Protein chains: 2
Amino acid sequence: MTSPAAFAATAALLAEPPRAAMLQALLSGEALTAGELARVAGIGAPAASAHLARLVEGGLVAVHPQGRHRYHRLASEEVAAAIETLGGLAAAVAPPPRRWPHGEEFRAARLCYDHMAGRLGVALHAGLTGRGWIAPSPGGWAATAAGEAGLAALGIDLPAARSARRFACDCMDWSERRPHLAGGLGRELAACCLRRHWVARLPGMREGDPLARRRLRLTPEGARRLHEALGVAA
Amino acid sequence: MTSPAAFAATAALLAEPPRAAMLQALLSGEALTAGELARVAGIGAPAASAHLARLVEGGLVAVHPQGRHRYHRLASEEVAAAIETLGGLAAAVAPPPRRWPHGEEFRAARLCYDHMAGRLGVALHAGLTGRGWIAPSPGGWAATAAGEAGLAALGIDLPAARSARRFACDCMDWSERRPHLAGGLGRELAACCLRRHWVARLPGMREGDPLARRRLRLTPEGARRLHEALGVAA
DNA sequence: CCCGTCCTTCGCCCGGCCCCGAAGCGCCGC
DNA sequence: GCGGCGCTTCGGGGCCGGGCGAAGGACGGG
């Protein structure tokens, strides 16, 4: 744990509605421009610029300029995990007005930064551990021999997964209250599923709704393949 | 997830150094009086009273008066999980000055609200799942038949564990980046280990150091028994 | 080369809230 | 019942920080 001052400084970065809206929008894993984020937050460009500067300074957001645009994304999966967890607390403390803003679909499958979350993400985690494809290892999970074979057969780029800072670790799923898979393997698993059209992104319904961009849908083909390989139930 | 406004409001409760210090102190699971929390936070009584009123109003802290004292404790394990996760992010973002404030001891075993965390907590979680004593269940974990027998043999009060809002669920361990066990079972497991002197609280070193109150030590007897029963390595 | 777009910096105003000192209320112990 | 203690409420001062408008700098397209 850290000093109360450092802790509070980090929490303060999440504690303003415009910044919270920006970070929630970035949970889709997309890199968004300053202008888009300003619109999402409902503030003017100058204010958005100041907020983003703080988030970058605080290490929560990474920026890479491209021409006259500046694309922003979450700096790490730790940031995504913290936003998810705090979102769960806020939901528990201030019960949502009616039901979930996006109904059950949002809990079924969604993106969390660069990996999959919701019931699908938790089911994948359970499948990987239950079949012994990954085993506990200091700092997270390692692939077993059976796991390497199975994952490669699914079409997952294992070297790419291994090149990440962490090969595999847990990320708390706020809606299921169980972990789903993060780290390089989580990223490559999501990339593989999207590439092979086993899951599909849903079109963002209305502009200004950052949550919509995160929703995923399991395709019939994906349901079949993931059930065969990992016992994931639709 | 919630609206950015509700999310920010909850984050704001964690975003002031005095409140952060109070909450970190309450992570020890103890119920502390307003005066003690004021001293921990380094502020006067009026300011502490105002902060605590906010935390209670926000649903993060519960208070129960006892005579002329008002004892405060964390309102739920969700609150503890959020504080732990955010602490992990703050540690990742602002690297600690030298090493960990309390050295490796703090990562080895500690309390997280009412259950055990650190390498010991993660090892217990791995032992319970690895031996099939608990199995995935909607909203968390359920005890298997083998688990019920084994847990009862350890001396754990299963009816008490079942009376909690959740029987067993995961709580992300920020230092190990893997889940440890929370919920009623996590609470009773910690209570059992303390009662049987398998783990012992370390005396708080210096007043004003809230982290010290959370540290735990695995006794030789505890190491032996937990290794036999669950394969926990010292 | 010039204009439009995107983003940032600057100057300013304003609201919120953090803190303390002083005073008020409730409970315990003698 | 009286003094002491713990905690809260009230009033006032101060500061941090968010918001906008206007202006300035960088880049791409025509």
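Computed from a predicted structure; not experimentally measured. All chains are named by letter (A, B, ...) in the order of the sequence lines, taking the proteins before the strands, and each is independently numbered beginning at 1.
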### Query
Of the candidate nucleotides C:dT8, D:dC20, C:dC19, which contains the atom at the shortest distance from the side chain of A:A34?
C:dT8
### Query
Out of C:dC7, C:dT9, D:dT8, which has the shortest distance to the side chain of A:H69?
C:dC7
#### Entry: Atom pair distance, as rounded to whole Å: CG in B:L52 and P in D:dC7
10 Å
### Message
Quick check for you: among C:dC7, D:dC27, D:dC20, whose closest atom lies nearest to any side-chain atom of A:R68?
### Response
D:dC27
### Message
Of the listed nucleotides (C:dT9, D:dG19, C:dC20), which one gets closest to any side-chain atom of A:P18?
### Response
D:dG19
### A:M22 CE - C:dC7 P separation (whole Å)
11 Å
### Message
Among C:dC18, D:dC20, D:dC7, which nucleotide has an atom closest to any side-chain atom of B:H51?
### Response
C:dC18
## Note on the structure
Of the candidates C:dC19, C:dT8, D:dG17, the side chain of A:R54 sits closest to D:dG17
### Message
Using 0.5 Å steps for rounding, measure from the CG atom of B:D173 to the CG atom of B:L181.
### Response
12.0 Å
### Query
Any idea which heavy atoms bring B:G58 and A:V93 closest together, and the distance?
O-CG1, 2.9 Å
### Interatomic distance where CG belongs to A:L37 and C1' belongs to C:dT8 [whole Å]
15 Å
### Message
Cation-pi check for A:W141 against A:R166: NZ or CZ below 6.0 Å from the six-membered ring centre and within 45 degrees of the axis, yes or no?
### Response
no
### Query
What is the distance from CG of B:L55 to P of C:dC18, rounded to the nearest Å?
10 Å
### Query
What class does the angle between the rings of A:Y113 and A:H115 fall in, given that below 30° is parallel, 30 to 60° is tilted and above 60° is perpendicular?
perpendicular
### Query
Please give, in whole Å, the distance from C:dT5 C1' to A:Q66 CD?
16 Å
### Query
With respect to the phosphate group of C:dG26, does any side-chain polar atom (N or O) of B:R70 fall under 4.0 Å of OP1 or OP2?
no
### Message
Taking the minimum atom-to-atom distance to the side chain of A:T33, which one of C:dC20, C:dC7, C:dC18 wins?
### Response
C:dC7
### Task
To the nearest Å, give me how far apart CD (A:E57) and P (C:dT9) are.
12 Å
### Task
Could you check how far CD of B:E16 sits from P of D:dC15, rounded to whole Å?
16 Å
### Summary
A:I43 has its side chain closest, among D:dC20, C:dT8, C:dG21, to D:dC20
### Task
Please tell me which of the listed nucleotides, C:dT8, D:dG18, C:dC20, lies nearest to the side chain of A:A45?
C:dT8
### Message
Could you tell me if B:R215 sits above the aromatic ring of B:F106, with its cationic atom closer than 6.0 Å to the ring centre and no more than 45 degrees from the axis?
### Response
no
### Task
Send over the distance from A:H64 NE2 to D:dC27 P, rounded to a whole Å.
17 Å
